[in-house]
Amino acid sequence: MNPYLLTQLPLVGGFIFLLFLASINPFRKEGASTLIAVVALCSTAAAIWFFLPEGAQYFGGAIRVTSVGKVIAYVCLGLTAIGMVLSEEYLDKVRVNGIDWRMVVLALALGMVNLCLANDIATLFIAYELVSIPSYVLAGFSHGDPRSNEAGMKYLMLGIFTSVLFLLGLSFIYGATGEIHLVAIHDKLARAVEAGATGDLTLAKIGLGFLMGAVLFKVAVAPFHNWLPDVYQGTNLASLAIISSPVKVAVFGMLGMLLWGVFEPLADLWKPVLLVAAAISAVLGNLQAVSQTNLKRLIAYSAVVNAGFILLGILVNSVSIVVFYLGSYGIMTLGSWAALMSMGTNQADVDELSDLAGMGRTHRWSALGLTVILLSYAGIPLTSGFAAKFGVVLEALKPDAAMPPMTLWVVMLSVCGGLVSFYFYFQIIRALWLQSPAPESADRRLGGSGLRWNYAFVLILSVVVILSLGMFVRLPGL
Amino acid sequence: MPVSPVVEITFALSALVILLSSLAVVLVKNPVRATLLLIVAFIPTSLVYILLQAAFVGILQILVYAGAIMMLFTFVIMMINPSPKDGESPAGGSEGGEGGFSGMRGALIGLLVVGALGALLLPKVYHAASQVSVAPVTKPGFGELSSISALLFEDPANNPLTVSFELISFLILVGIIAALNFSRRKGAEARMENSITTRPTEALPILQREALEPK
Amino acid sequence: MNPWLLLLIPLLPGLSAALLALLGGRLPYNAIGGLAAAAAGGSFAIVLSFCGAGVFGAGQPIDFDAGPWIATQGFQAGLHLHLDSISLCMCLLVTFFGFLISVYSIGYMRHDSEQGRFFASLNLFVASMLTLVLADNLVLIFLGWEGVGLCSYLLIGHYWRQKDVPLAAFRAFFVNRIGDVFFLLGVFSMFSLFGTVSLSELAAHGPTLASIHSGQAALAAFFLLGGAFAKSAQAPLHVWLADAMAGPTPVSALIHAATMVTAGVYLLARLDWLYAVSPEARLIVAICALVTLVLGAVLALVQTDIKKILAYSTLSNLALMFLALAAGSTGAGMLHLFGHAFFKALLFLAAGSVIVAAHHEQDVRNLRGVLKKLPVTNIAFLVGCIGGAGLIPYLAAGFFSKEAVLGAIEEAEFSGFGFTLSGRLVHAIVVAVETLSVVYLFRLYGYLRSDAIAPEIPRPAPGDHTPAAHASHALHADSNSDHHDAGRHGGAIKETSPAIRLVLGILILAAPVFGVLSASRAFGGKGFIWSIITGGGAEPEGVSLIHALPFLIANIALAGLVFAAFSNTKRREALLGRLKGLKLGAYGPLSRKFYFDDLYEAVIVVPLKAAAYLSRLILENVFTGIITVTGWLGLGLSLGLRRLQTGKVHQYAVAVLLAIFILAFYLGGH
Amino acid sequence: MSVSLFNLPDCLMLSLALVLIGSYGVFRRRSLILVLLSIEVMLNGVNLSLISFNFFRWGTVENSHYLYMLSIGVAAVEAAVGLSMVIVLFKNYNDITRNRISQLGERA
């Protein structure tokens with residue numbers, strides 16, 4: 001059997017198993033389906049580890065296994081599994097059908113794995129769509145909730161609007177090179193740049209513009225980020241955990257691999273684009289977040305800021321830094337959702353900043369975990385957030401990094417933006433620890449002060465990962 | 001290889017029809033009519049595909065696109081809006097009192113943006129494409145069913161399309177699950193009574209008002 | 001021996017400290033103290049197990065290198081522990097006293113409300129001190145150095161609810177920070193000069209290099225000296241030690257008498273080769289130590305707070321150690337360090353027993369005759385006083401060590417900056433001052449054994465935290481009494497906890513053991529400890545028993561006289577009346593601690609306060625204004641920019657399309 | 001070269017024009033169904049460019065043809081998901097204009 005299909009088998013099998021499970025009526029399915037999904041995700045990762053040698057190609061070159069792709073696939077699968085654990089009780093609480101939800105997430109995971117390993121335009125496109133469309137579905141999953149309706153619809157509208165442009169970009173690139181294998185496209189482009197073939201090159205560049213624009217939209221970098229806060233605000237937390245963490249990691253991984261693996265001959269062109277996008281992200285994300293009081297929107301803006309940093313990391317072509325950043329960012333995000341989930345009650349999630357007031361007393365451990373995570377977001381030393389940002393900045397400022405001329409200013413802008421971001425992260429910390437809860441919300445919280453195991457697990461995991469990555473990992477260049 | 005004038009004229013006419021009916025799709029008020037106009041645009045498109053030696057694609061365009069997907073649209077529009085009245089219908093046309101791009105001002109802004117973008121990009125693309133434009137060289141049997149079927153079905157264990165089709169099958173499954181999930185009325189009704197995930201705040205004035213009003 | 005065990009020595013108390021800090025509030029009291037004592041005891045056991053490993057004397061040192069800690073291209077500082085004869089002795093000392101005093105504290109702190117914090121800090125202190133002692137490089141030493149400073153601060157401030165205590169803690173911390181800056185500068189200059197901070201490498205290659213660059217070496221030596229002086233409370237930086245007595249008494253015994261304050265001495269002992277090549281540094285050490293010696297002894301004479309008398313005596317004894325080091329005799333300095341630890345810890349612990357028994361009264365005038373009711377404490381105090389005064393050889397822990405120091409000083413010559421200080425002169429001064437130590441110690445003992453029991457010992461009601469109680473204590477001149485938990489005992493004066501008595505008993509026995517072990521050859525001893533410390537180095541000639549006898553007899557007589565004078569109320573009143581006529585104590589330099597505090601007030605505190613006031617003015621009126629305006633601008637900008645998020649999906653679509661098309665246009669245009 | 005209509009640049013112009021027309025529809029249509037329909041117009045243009053590239057320039061393998069198949073598959077799924085969301089909106093609010101999905105956002 002083709003070893004590549006072997007890696008798809010757990011996800012496919014899990015999907016089908018869940019499908020059967022859904023039809024068995026008298027059965028408590030929440031825990032079982034979580035278990036199945038987690039096992040499927042983990043065994044996919046194991047299968048990738050065992051069966052896919054590096055550099056192997058499958059299906060006539062449609063799939064090419066690279067070390068970067070594998071690492072990003074592991075990160076994505078791991079984050080998805082954690083998100084799955086996180087959803088265990090919450091979905092019940094928001095009355096979402098858990099099995100449906102998990103099937104969608106498994107399909108999404110399938111898309112992510114293939115996105116990381118795709119090597120031709122067709123596979124890339126389909127995998128990209130298999131990451132995108134389930135995301136829209138997840139965003140709108142709580143279909144009785146007006147906000148979720150809006151988030152799903154908005155995400156879907158803008159998403160398919162840009163994925164059409166994505167396809168347009170692919171079409172132009174295909175038209176300019178005539179190749180569908182990404183490696184071959186890279187070679188063609190390199191030859192075209194050498195030969196100075198203007199017509200083809202122009203077409204390829206325009207195609208690259210559409211392609212990049214669509215992907216930058218998907219990762220919500222600044223001028224393309226306007227959908228993100230709205231979608232975050234409307235989506236339920238479990239779906240958000242998937243959308244905001246593994247999906248983002250996968251698409252960022254794809255962006256990096258595309259830019260450096262395929263469009264590397266055009267690097268002089270797209271480097272300034274990334275730089276400008278990073279700069280705008282730093283400015284706009286931070287400034288829009290400063291006066292924000294809605295927690296999900298706040299974290300959305302911080303996602304924009306972090307996306308800017310990741311772009312800088314991609315720009316310097318440091319795989320280790322980018323993977324480190326993505327991993328730590330993913331786990332941080334999951335941890336923050338876990339904290340918010342554990343603080344909510346059966347009636348309502350925590351939503352506004354003021355809802356967090358006094359949580360340091362009523363939900364001590366969640367608040368503590370959230371504090372560590374926020375410190376990491378803010379980039380306080382000893383946390384992985386700091387290590388990642390510091391690593392990116394160091395790499396970008398290396399004299400031999402071949403960066404565009406304005407890099408120094410952008411880096412300074414990003415760092416200053418980091419200072420601004422202290423303000424809103426510490427607003428949250430202040431609300432947690434220093435404010436007393438409003439009287440009517442105090443009795444609202446009396447019920448749920450125990451920390452469920454899955455939230456506790458994810459919180460502890462993320463705090464441990466944050467601190468251990470922050471303290472013990474030595475990145476090259478640090 | 002000079003292009004035969006029949007081909008040219010067919011192409012020109014088809015392009016005209018495509019453009020006009022597409023424009024009509026985005027302009028007419030009646031949604032059913034817009035859907036039908038899109039189908040009208042698809043027929044000359046498939047004609048162009050046939051000119052481009054993609055007969056199979058042209059057939060797919062009619063069968064799948066016009067026949068199935070557009071039916072989906074028509075069906076939904078019919079279901080939602082059995083008696084369309086312009087301006088008032090929920091599925092209605094392009095006019096509206098909401099701020100932003102509505103009314104004349106909206107039309108102007110939209111035209112300006114689209115026009116500017118077209119003016120920016122179209123000449124560039126045209127120029128670049130004409131630089132690389134050569135007379136088409138196609139292999140014998142290009143676009144014919146036998147050739148495509150060879151491409152699609154040859155050596156499935158090693159065919160580049162295997163993965164794509166695996167993935168698209170899952171995509172369709174996701175679509176089905178989503179549709180199933182969204183159609184669960186029970187959940188939807190239960191949730192409408194006390195909105196659970198998020199509390200309505202002042203950000204949603206319209207919703208609050210409507211939630212209070214009996215329908 | 002397994003070198004890994006070395007790591008366990010500081011780790012054990014460190015882990016226990018972490019555990020106590022986390023769980024301190026939840027554990028029952030005996031578990032807290034028991035854990036702390038067990039950790040220190042475990043450490044002690046490990047150290048004991050190393051005694052048989054042939055490290056002593058000129059034996060082979062044991063190294064444990066846990067890999068790099070801070071490593072850059074040019075700079076290496078490893079987690080490298082090094083156990084040689086001196087550090088083994090220090091470890092023994094630290095863990096032995098750490099263990100005993102932890103046990104003692106179980107009795108002493110029984111009624112405290114913050115035991116968790118106390119024992120956590122105590123264990124952390126032991127861990128830091130052991131790190132300091134075992135570290136092979138200056139950076140790791142600095143870690144321990146900061147750690148002990150921090151714990152000292154925490155423990156001095158233990159009774160933070162009392163009025164002057166936070167200030168005292170802060171003062172200790174501040175002076176130590178000054179020293180730390182010097183220490184760091186010293187480390188930097190050592191690194192720039194020698195290219196390494198590893199003590200063993202420095203000792204191997206240092207001397208030759210240092211003799212070439214003697215100027216730079218002297219500079220490094222000066223800087224390190226600053227650090228050592230602050231930690232060991234030597235002359236210009238000594239002001240914190242007396243205030244540090246605000247902490248609980250076991251802390252004073254462990255930190256401010258037996259171990260931490262000797263860190264400076266230890267540091268200089270480790271770097272003795274550096275001072276061997278810079279006579280200027282040695283001269284400065286000698287002068288400062290001499291000043292401290294006199295200062296401490298004289299101030300101890302007039303103090304009335306039982307702990308402060310002992311604190312000034314500590315000052316004086318530390319100076320003695322520094323003098324020995326300045327004289328070039330590391331062995332004598334270290335020997336006195338150990339001897340001092342034994343008798344001073346005993347004295348402090350006995351004083352602690354007195355204080356607990358007397359319901360946290362610390363003024364000796366109010367403690368008259370207390371010892372009569374406390375038999376064990378009485379013996380302990382007597383043995384301690386004899387040890388401190390060096391009265392009876394073999395019995396007194398301090399006799400032979402002082403003898404060694406005096407011998408070393410007599411042979412030495414201090415010169416530098418074109419100035420020479422004769423060893424004999426210094427010797428004479430030291431001998432004179434040492435007689436003072438007899439006086440102040442037996443004055444104290446006299447008070448405590450006085451014929452009449454003072455009626456003034458307060459017996460506040462249980463749970464007394466009223467201002468009235470504070471006021472009654474404030475009557476006694478700068479009393480930093482431990483009356484935080486006063487009054488829980490109630491009733492008459494009697495021996496308190498069995499833990500306290502046990503520890504006192506052990507130390508009473510330990511003092512003569514040390515006395516015998518340290519006996520020099522001239523007195524028929526083997527010089528056992530001396531040979532361990534110096535690795536079999538030549539013992540100084542020292543006076544023989546015959547020569548010392550007149551002095552001894554004179555000292556004993558003096559002690560008897562002083563005791564007789566102070567233990568009898570009539571005689572004491574008469575003597576004090578006569579002294580009062582001289583107006584020495586009331587207004588003179590003595591009551592103002594030789595104006596050191598005033599000097600610091602004028603030179604450091606006032607300008608700092610002025611600068612702070614000025615900065616506050618500027619900050620409040622200018623910078624705050626700027627910051628406020630910037631904040632408003634930022635918020636305004638943010639509110640404005642947030643309006644971009646209209647929530648309208650078609651506007652988003654326009655924005656996205658515009659951005660993507662512009663991107664495509666830009667890319668296509670090149 | 002004689003003036004000819006049926007060539008690569010013209011086909012590309014046609015397809016880009018369709019993309020722009022479709023995006024105009026996305027901006028302007030109030031009904032979400034019609035927005036989805038406008039996106040189909042755009043997709044139609046993109047498909048046209050795919051096929052014409054294949055024919056005019058790389059006429060040896062029908063790569064675009066299966067890309068087209070994939071793309072209409074994706075279009076079908078997108079339409080299904082989008083329309084089912086529209087139906088949810090309609091069931092919940094009896095309203096499928098874009099007002100319905102313009103409520104979240106900053107009301108600073």
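We use all heavy atoms of the structure for the numbers below, so side chains are in, but hydrogens, waters and symmetry mates are not. Chain identifiers are assigned alphabetically (A, B, ...) following the order of the sequence lines, protein sequences preceding nucleic acid strands; residue numbering begins at 1 within each chain.
Here the shortest heavy-atom pairing between A/V12 and B/E166 reads CG2-OE2, 4.0 Å. Considering every non-hydrogen atom in both B/K124 and A/I206, the closest pair reads CG-CD1, 4.1 Å. Smallest separation of non-hydrogen atoms from A/N2 and B/A157: ND2-O, 3.4 Å. Scanning all heavy atoms of the two residues, the minimum distance from B/P160 to A/G60 falls at CG-O, 4.2 Å. Considering every non-hydrogen atom in both A/V137 and B/F182, the closest pair reads O-CZ, 4.2 Å.
Both the backbone and the side chain of A/D100 come within contact range of chain B, each with at least one heavy atom under 4.5 Å from a heavy atom of that chain. With a threshold of 4.5 angstrom between heavy atoms, A/L106 does not approach chain B through any atom at all. For a residue to count as touching a neighbouring chain, one of its non-hydrogen atoms must lie under 4.5 Å from one of that chain's; by this rule A/F141 touches chain B with backbone and side chain alike. At a 4.5 Å heavy-atom cutoff, the contact between A/D120 and chain B is made by side-chain atoms alone.
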For B/V163 and A/Y4, run side chain to side chain contact (heavy atoms under 4.5 Å, CB included): C-alpha distance rounded to whole Å, both residues' side-chain angles, the deciding distance at 0.1 Å, then the answer.
CA-CA 9 Å; B/V163 182; A/Y4 188 73; 4.3 Å; yes
Which is it for B/L173 and A/M103 under the side chain to side chain contact (heavy atoms under 4.5 Å, CB included) test, yes or no, and what are the steps along the way?
CA-CA 9 Å; B/L173 274 173; A/M103 281 195 277; over 6 Å; no
Could you go step by step and tell me if B/F170 and A/N114 meet the side chain to side chain contact (heavy atoms under 4.5 Å, CB included) rule?
CA-CA 12 Å; B/F170 272 86; A/N114 284 290; over 6 Å; no
Kindly determine whether B/V125 and A/F172 satisfy side chain to side chain contact (heavy atoms under 4.5 Å, CB included), including the steps that lead there.
CA-CA 10 Å; B/V125 173; A/F172 270 66; 3.9 Å; yes
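Residue A/Q57 qualifies as enclosed at atom CD: its count of foreign heavy atoms under 6.0 Å is above 12. Within a 6.0 Å radius of OH in A/Y58, other residues, nucleotides and ligands contribute more than 12 heavy atoms.
Interatomic distance, B/N158 CG to A/F59 CZ, rounded to the nearest 0.5 Å: 7.5 Å. The CG atom of A/L130 lies 11.0 Å from the OG atom of B/S164; values are rounded to the nearest 0.5 Å. The distance from the OG1 atom of A/T123 to the CD1 atom of B/I168 is 11.5 Å, given to the nearest 0.5 Å.
Ranking B/I177, B/V174, B/L167 against chain A, the residue ahead of the rest is B/L167, based on heavy-atom pairs under 4.5 Å. Interface summary for chain B: among A/V104, A/L110, A/L203, A/I133, the most heavy-atom pairs under 4.5 angstrom belong to A/L110.
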